[in-house]
2 protein chains.
Amino acid sequence: MGRVSFREQVLRAREEAILVSVNRLLAEKGFDVMTVDEVAADVGIAKASLYKHFASKEELAAAAMIRVLDRALAQLETQQADTRAAPFDQLKAATRWTMQVQLAGEMPSLPAQNSALRGALMGNKVYLDRLMQVSDLLGVWITAGQKSGSLNAALPPELVLYTIFARACDPVLGLLKAGGNYSDEQIIEMLLVTCFQGLAAVAAPAKTPRGHAAAQAA
Amino acid sequence: MGRVSFREQVLRAREEAILVSVNRLLAEKGFDVMTVDEVAADVGIAKASLYKHFASKEELAAAAMIRVLDRALAQLETQQADTRAAPFDQLKAATRWTMQVQLAGEMPSLPAQNSALRGALMGNKVYLDRLMQVSDLLGVWITAGQKSGSLNAALPPELVLYTIFARACDPVLGLLKAGGNYSDEQIIEMLLVTCFQGLAAVAAPAKTPRGHAAAQAA
DNA sequence: GTCTATAGCCAGATAGAC
DNA sequence: GTCTATCTGGCTATAGAC
């Protein structure tokens with residue numbers, strides 16, 4: 001039943017090409033500054049043709065956001081295959097992946113900011129569904145990590161989740177890259193240290209014996 | 001020589017009112033979404049009058065950014081008066097202040113993002129000068145903190161600086177506030193923990209005695 | 001479905017009277 | 001300096017031929 005005509009394959013390929021362009025432009029300039037003319041020019045087709053595939057600029061961007069969430073889901077499922085990895089390391093690996101995507105210029109800035117896009121995305125069922133799937137997968141690891149004592153159990157799980165999401169659009173990555181003094185890998189490893197050392201359970205002070213592990217927020 | 005006419009005082013007051021509005025709208029919607037019409041309406045004057053005070057939308061925003069940097073400088077200088085405070089705590093206090101400003105809706109999103117504003121700001125001498133002043137003040141504490149062993153000396157000072165700047169526009173603050181489960185103070189203290197525990201020197205593992213003193217964030 | 005051409009709108013900036 | 005009214009340009013979206 002899944003047979004698709006050659007014609008349809010060409011269609012899909014073109015839509016994929018469009019989304020690649022949108023993804024890159026969205027990462028580069030953001031939704032508000034990106035224009036549909038630019039997208040059309042980048043893909044190499046007429047603007048009117050774009051609107052045959054996507055009904056509006058918002059829908060275009062939403063499709064790109066959904067695509068990156070799908071890539072994230074694929075990454076997380078790949079990681080899940082390694083059942084020996086500790087939750088803490090799974091979370092770190094997931095964050096490393098988002099940082100790599102960002103430094104590659106392929107991370108459309110998530111609309112935690114106040115873009116005109118936000119409203120449209122909050123009404124998009126597919127987008128919200130994918131976002132929840134990603135959150136749930138990460139949530140499992142977060143809960144497990146807090147239970148096992150590797151993650152600071154005094155922090156609300158949502159805070160950990162949001163913090164990991166926020167690293168995907170952390171401006172520090174771009175600033176350090178612009179400085180030119182470190183390789184992408186060095187930048188990522190350094191930021192992973194500061195991020196996950198911050199989320200980790202507090203190490204017991206060296207002087208006092210018997211510091212119980214998990215506690216402590218302030 | 002510093003005498004100003006009454007007329008000029010009124011002028012200054014109006015410009016201050018304009019900048020307050022711009023500051024708030026910039027924090028709320030960002031440069032690209034904010035319109036000059038909105039600003040004029042918010043201040044309660046005609047758009048053309050705005051342009052008598054500021055030559056362009058970019059200049060308007062730049063003035064607001066400079067104003068917030070001036071507020072930051074005042075805060076830092078106040079802190080400097082307390083010479084007993086450790087550099088690590090000075091940095092934490094400075095970051096707490098930026099987080100308070102952000103949660104109060106008064107932090108215009110810094111243009112690490114790719115706004116149309118960025119180019120204009122990079123060509124604005126006054127803005128760059130103020131930014132450098134703030135960076136220098138923080139830089140002194142960063143260097144001192146690394147020397148004293150409270151800050152992770154393996155991290156480039158620029159990374160620490162950028163990380164502190166980035167906390168001023170951290171989307172996690174807004175997301176947690178939107179959740180409604182925590183007070184502003186709780187949110188700030190939790191994020192200060194994750195931020196500065198991440199930047200702190202690595203605590204000696206609990207098992208090995210003889211961890212030197214200064215380390216540790218929580 | 002692809003194109004060219006254009007409608008319609010809105011935002012930044014200005015003219016000119018007061 | 002403040003206003004009302006207007007210009008100008010660019011952007012989203014569509015019409016209509018092929």
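Reminder, nothing fancy here: chain letters follow the sequence lines and each chain counts from 1. Computed from a prediction, not measured in an experiment: that's the story for all the values here.
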B:Arg67 side chain reached by B:Val20 side chain, heavy atoms, under 4.5 Å: yes
Of the candidate nucleotides D:dC3, D:dT14, D:dG1, which contains the atom at the shortest distance from the side chain of A:Ala48? D:dT14
From CD1 of A:Ile45 over to P of C:dT4, roughly how many Å is that when rounded to an integer? 12 Å
Side-chain N,O (A:Arg14) to OP1/OP2 (C:dT2) below 4.0 Å: yes
Between N or O atoms, less than 3.5 Å apart, protein on one side and nucleotides 10-13 of chain D on the other: list the pairs.
{"residue": "D:dT12", "atom": "OP1", "partner": "A:Lys57", "partner atom": "NZ", "Å": "3.1"}
{"residue": "D:dT12", "atom": "OP2", "partner": "A:Val36", "partner atom": "N", "Å": "3.0"}
{"residue": "D:dA13", "atom": "OP2", "partner": "A:Tyr51", "partner atom": "OH", "Å": "2.9"}
{"residue": "D:dA13", "atom": "OP2", "partner": "A:Lys57", "partner atom": "N", "Å": "2.9"}
{"residue": "D:dA13", "atom": "N6", "partner": "A:Lys47", "partner atom": "NZ", "Å": "3.0"}

Whole angstrom value for the distance that separates P of C:dG12 from CD of B:Glu59: 15 Å
With a sphere of 6.0 Å drawn around CZ of B:Arg12, does it hold more than 12 non-hydrogen atoms of other residues, nucleotides or ligands? no
Looking only at heavy atoms, what is the nearest atom pair of A:Ala64 and A:Val22, with distance? CB-CG1, 3.7 Å
Rounded off to whole Å, could you give me the CG-to-P distance for the A:Leu50 and D:dA15 pair? 17 Å
Ignoring backbone atoms, test whether B:Ser49 places a side-chain nitrogen or oxygen under 4.0 Å from the OP1 or OP2 oxygen of D:dG1. no
Near B:Arg14 CZ, under 6.0 Å, is it more than 12 heavy atoms from other residues, nucleotides or ligands? no
note: A:Lys52, atom NZ; D:dA15, atom P; distance rounded to Å ~ 9 Å
Test the B:Lys177-B:Tyr182 pair against the cation-pi criterion, namely NZ or CZ under 6.0 angstrom from the six-membered ring centroid and within 45° of the ring axis. no
Among C:dT2, C:dG1, D:dT4, the one nearest A:His53 by side-chain distance: C:dT2
Can you pull out every ring pair (Phe, Tyr, Trp, His ring centres under 6.0 Å) where at least one residue sits in residues 51-77 of chain A? Sequence neighbours excluded, please. none
